[in-house]
Participant: 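If you scroll down you'll find the structure; I have some questions about it.
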Amino acid sequence: QLRRAFKHGFSFSELESEVQWKIWEYVWHHSEVFEVMLLSSYWISKRPVEELKKHRRVLLEFAHKLDNWAHSDELSSHYARLFEHDPAGMEAVFVKWNRSPNPWLRRQSVVGLQHYSRARKRSPKVGLLLRLIGNLLDDDHYYVQKGVGWALRESWNVYPEKTYEFLRNHAHRIPPAGWTAATEKLGRAQKDELMALRKKARKTI
């Protein structure tokens with residue numbers, strides 16, 4: 001229903017994009033209705049990446065209102081597009097968010113790097129991916145843990161050998177809420193090896 005409403009359009013849908021950026025920015029920051037806020041993201045997803053870069057400051061501010069995984073993942077898709085288009089400009093943002101006291105920014109720092117790797121023509125460097133993920137392995141926030149699992153799965157899609165080496169080295173630290181996603185693409189033998197390493201390490205702690 002929401003997507004049908006968006007496709008149908010609104011009274012301002014024919015206005016120039018610069019005006020609509022201001023409207024949708026206002027909607028995101030002033031609405032408390034989940035579905036209404038979501039419409040802002042739908043509109044941004046239709047804009048060319050050059051516009052996202054031009055309005056980067058506005059788009060990054062959106063993250064400071066996050067309080068749920070669905071809106072978070074919507075923004076991750078936009079931030080991944082920005083990172084792919086301008087990695088030098090976005091890397092510092094993700095590094096800063098990685099150490100933020102705000103758990104939704106910490107989640108963005110790893111999920112927003114790729115969101116879905118299959119949608120990316122150019123991936124982040126594996127060193128950056130695993131470094132930011134590694135910083136959050138001991139995070140106690142449930143949705144950060146889920147984000148760590150997501151990010152490891154997407155990292156494995158692009159860098160399977162390096163990611164599996166990381167998983168072996170840190171099997172005992174993969175957060176519980178992220179374990180299923182982190183190991184989703186692995187074969188049975190690989191999962192069994194990681195579980196054995198996980199149990200062994202926990203016995204010695």
Side-chain angles (χ1 to χ4, degrees), residues 1-98 100 102-125 128-129 132-133 143-144 146-148 150-151 153-155 157-158 181:
Q1 290 178 340
L2 196 63
R3 290 195 179 276
R4 281 201 301 271
F6 178 77
K7 187 176 181 180
H8 183 268
F10 305 96
S11 60
F12 52 84
S13 294
E14 299 302 320
L15 297 178
E16 62 180 24
S17 64
E18 288 302 305
V19 176
Q20 291 202 59
W21 270 101
K22 294 179 180 179
I23 292 171
W24 289 116
E25 178 186 8
Y26 184 91
V27 168
W28 178 272
H29 287 297
H30 290 81
S31 178
E32 297 300 328
V33 179
F34 174 89
E35 291 82 1
V36 174
M37 292 175 64
L38 207 55
L39 291 170
S40 297
S41 180
Y42 288 178
W43 184 80
I44 291 168
S45 70
K46 303 296 183 183
R47 309 314 303 163
V49 70
E50 291 79 12
E51 278 191 28
L52 271 61
K53 184 178 180 181
K54 181 179 179 181
H55 295 276
R56 190 181 79 158
R57 180 192 61 78
V58 169
L59 194 53
L60 295 181
E61 279 297 316
F62 277 27
H64 293 274
K65 195 184 176 184
L66 289 173
D67 63 3
N68 65 84
W69 68 265
H71 282 159
S72 182
D73 288 356
E74 283 282 326
L75 293 190
S76 290
S77 68
H78 308 322
Y79 297 149
R81 288 178 65 201
L82 269 176
F83 185 88
E84 186 177 26
H85 184 72
D86 182 27
M90 285 296 293
E91 181 173 334
V93 174
F94 286 127
V95 169
K96 180 180 179 180
W97 283 358
N98 193 244
S100 173
N102 182 334
W104 296 103
L105 296 185
R106 297 199 301 274
R107 178 183 168 98
Q108 283 296 340
S109 75
V110 290
V111 178
L113 282 168
Q114 295 193 93
H115 194 230
Y116 283 109
S117 57
R118 65 174 180 268
R120 310 274 74 83
K121 294 180 180 178
R122 179 172 58 177
S123 298
K125 293 181 179 178
L128 175 65
L129 272 171
L132 296 187
I133 291 171
Y143 284 106
V144 176
K146 295 284 282 188
V148 165
W150 178 310
R153 181 193 65 201
E154 298 305 315
S155 178
N157 286 339
V158 183

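None of these values were measured; they are calculated from a predicted model. Keep in mind that the numbers below use all heavy atoms, side chains included, and drop hydrogens, waters and symmetry copies. Numbers here are sequence positions counted from 1.
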Participant: Ignoring hydrogens, what is the shortest heavy-atom contact between Trp104 and Asn102? Give both atom names and the distance.
Facilitator: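 Minimum heavy-atom separation between Trp104 and Asn102: N-OD1, 2.9 Å.
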Participant: Quick one: do Lys146 and Asp73 satisfy salt bridge (Lys or Arg N to Asp or Glu O under 4.0 Å)? Show the steps, please.
Facilitator: CA-CA 11 Å; Lys146 295 284 282 188; Asp73 288 356; over 6 Å; no
Participant: Could you check whether His78 and Ser41, counting side-chain N and O atoms only, form a donor-acceptor pair closer than 3.5 Å?
Facilitator: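 The criterion, which ignores hydrogens and geometry beyond distance, is satisfied for His78 and Ser41.
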Participant: Ignoring hydrogens, what is the shortest heavy-atom contact between Asn68 and Phe34? Give both atom names and the distance.
Facilitator: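 Closest approach of Asn68 to Phe34: OD1-CE1, 3.5 Å.
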Participant: List in chain and number order the residues that pass side chain to side chain donor-acceptor pair (under 3.5 Å) with Arg81, two or more places apart in sequence or in another chain; answer none if no residue qualifies.
Facilitator: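 Testing Arg81 for side chain to side chain donor-acceptor pair (under 3.5 Å), a comparison that skips the adjacent residues, returns none.
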Participant: Quick check: does any side chain N or O of Ser109 sit under 3.5 Å from a backbone N or O of Arg106, one acting as donor and the other as acceptor?
Facilitator: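 Yes, because the side chain of Ser109 sits within donor-acceptor range (under 3.5 Å) of the backbone of Arg106.
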Participant: Return yes if some donor-acceptor pair links the side-chain N/O of Ser76 with the main-chain N/O of Ser72 below 3.5 Å, else return no.
Facilitator: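 Yes, because the side chain of Ser76 sits within donor-acceptor range (under 3.5 Å) of the backbone of Ser72.
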Participant: With side chain to side chain contact (heavy atoms under 4.5 Å, CB included) as the test, would you mind laying out the steps for Glu32 and Lys65 before giving the verdict?
Facilitator: CA-CA 10 Å; Glu32 297 300 328; Lys65 195 184 176 184; 3.9 Å; yes
Participant: Please report the shortest heavy-atom distance between His115 and Ser77, naming the atom on each side.
Facilitator: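 Here His115 and Ser77 meet closest at ND1-CB, 3.5 Å.
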Participant: Please determine if Lys96 and Glu91 form a salt bridge, counting it only when a charged side-chain N lies under 4.0 Å from a carboxylate O.
Facilitator: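 So Lys96 does not pair with Glu91 through a salt bridge.
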Participant: Check whether any side-chain N or O of Tyr79 sits under 3.5 Å from a backbone N or O of Leu59 as a donor-acceptor pair, and report yes or no.
Facilitator: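 Looks like yes, one N/O pair under 3.5 Å.
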Participant: Return the orientation label for the Trp97 and Phe94 ring planes: parallel under 30°, perpendicular over 60°, tilted otherwise.
Facilitator: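 Judged by the thresholds at 30° and 60°, the geometry between Trp97 and Phe94 is perpendicular.
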Participant: Any sub-3.5 Å donor-acceptor pair from Arg56's side-chain atoms to Gly89's backbone N or O?
Facilitator: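 Yes, Arg56 side chain to Gly89 backbone: donor-acceptor pair under 3.5 Å.
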Participant: Short question: side chain of Asn98, backbone of Leu132 - any donor-acceptor pair under 3.5 Å?
Facilitator: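 Present.
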Participant: Sequence neighbours left out, cut at 3.5 Å: what donor-acceptor pairs do the side chains of residues 6-17 make with other protein atoms?
Facilitator:
{"unit_1": "Ser13", "atom_1": "OG", "unit_2": "Phe10", "atom_2": "N", "d": "2.6"}
{"unit_1": "Ser13", "atom_1": "OG", "unit_2": "Phe10", "atom_2": "O", "d": "3.2"}
{"unit_1": "Ser17", "atom_1": "OG", "unit_2": "Glu51", "atom_2": "OE2", "d": "3.4"}

Participant: So, do Trp43 and Trp21 have ring centers that fall under 6.0 Å from each other?
Facilitator: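 Centroid distance Trp43-Trp21: below 6.0 Å, so yes.
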Participant: Spell out, as yes or no, whether a donor-acceptor pair under 3.5 Å connects the side chain of Lys53 to the backbone of Leu82.
Facilitator: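 Not a single qualifying donor-acceptor pair exists.
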Participant: Just so I know, are the side chains of Val19 and Trp24 near enough to count as touching, which here means a heavy-atom distance under 4.5 Å?
Facilitator: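 With C-beta onward as the side chain, the pair stays apart.
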Participant: Report the distance from atom CD1 of Ile23 to atom CD of Glu25, rounding to the nearest 0.5 Å.
Facilitator: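 Ile23 CD1 to Glu25 CD: 11.5 Å, rounded to 0.5 Å.
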Participant: Tell me whether the NZ or CZ atom of Arg153 lies within the 45° cone about the ring axis of Trp150 and under 6.0 Å from its centre.
Facilitator: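 Here Arg153 passes the 6.0 Å and 45° test against Trp150.
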Participant: When you measure from the side chain of Arg107 to the backbone of Val144, do you find a donor-acceptor pair of N or O atoms at a distance under 3.5 Å?
Facilitator: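 Flag not set: sc Arg107 to bb Val144 has no pair under 3.5 Å.
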Participant: Could you walk me through whether Asn157 and Arg118 pass the side chain to side chain contact (heavy atoms under 4.5 Å, CB included) check?
Facilitator: CA-CA 8 Å; Asn157 286 339; Arg118 65 174 180 268; over 6 Å; no
Participant: Atom OG in Ser31, atom CG in Leu38: separation rounded to 0.5 Å?
Facilitator: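 Separation between the atoms: 10.5 Å.
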Participant: Walk me through it: do Glu74 and Ile44 pass the test side chain to side chain contact (heavy atoms under 4.5 Å, CB included)?
Facilitator: CA-CA 10 Å; Glu74 283 282 326; Ile44 291 168; over 6 Å; no
Participant: Check whether Ser117 reaches the backbone of Gln114 with its side chain - one donor and one acceptor, N or O, closer than 3.5 Å.
Facilitator: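 Here the side-chain-to-backbone pair does not exist.
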Participant: Please report the C-alpha distance between Val27 and Lys22 in whole Å, then the side-chain angles of each, then the deciding distance to 0.1 Å, and finally whether the side chain to side chain contact (heavy atoms under 4.5 Å, CB included) criterion is met.
Facilitator: CA-CA 9 Å; Val27 168; Lys22 294 179 180 179; over 6 Å; no
Participant: Which pair of non-hydrogen atoms, one from Trp28 and one from Leu66, has the smallest distance, and what is that distance?
Facilitator: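 Reported closest heavy-atom pair: CZ2-CD2, 4.2 Å.
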Participant: Nearest heavy-atom pair of Pro124 and Leu113: which atoms, and what distance?
Facilitator: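 In this case the closest contact between Pro124 and Leu113 is CG-O, 3.5 Å.
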Participant: Kindly give the heavy-atom pair with the smallest separation between Tyr42 and Arg3, and that separation in Å.
Facilitator: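 Between these two residues, the closest heavy atoms are CE2-NH2, 3.4 Å.
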Participant: Under 3.5 Å, is there a donor on one side chain and an acceptor on the other for Glu18 and His55?
Facilitator: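 Their side chains do contain a donor-acceptor pair, which is all the 3.5 Å distance test asks for.
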Participant: Yes or no on salt bridge (Lys or Arg N to Asp or Glu O under 4.0 Å) for Glu84 and Arg120, after CA distance, side-chain angles and deciding distance?
Facilitator: CA-CA 7 Å; Glu84 186 177 26; Arg120 310 274 74 83; 3.2 Å; yes
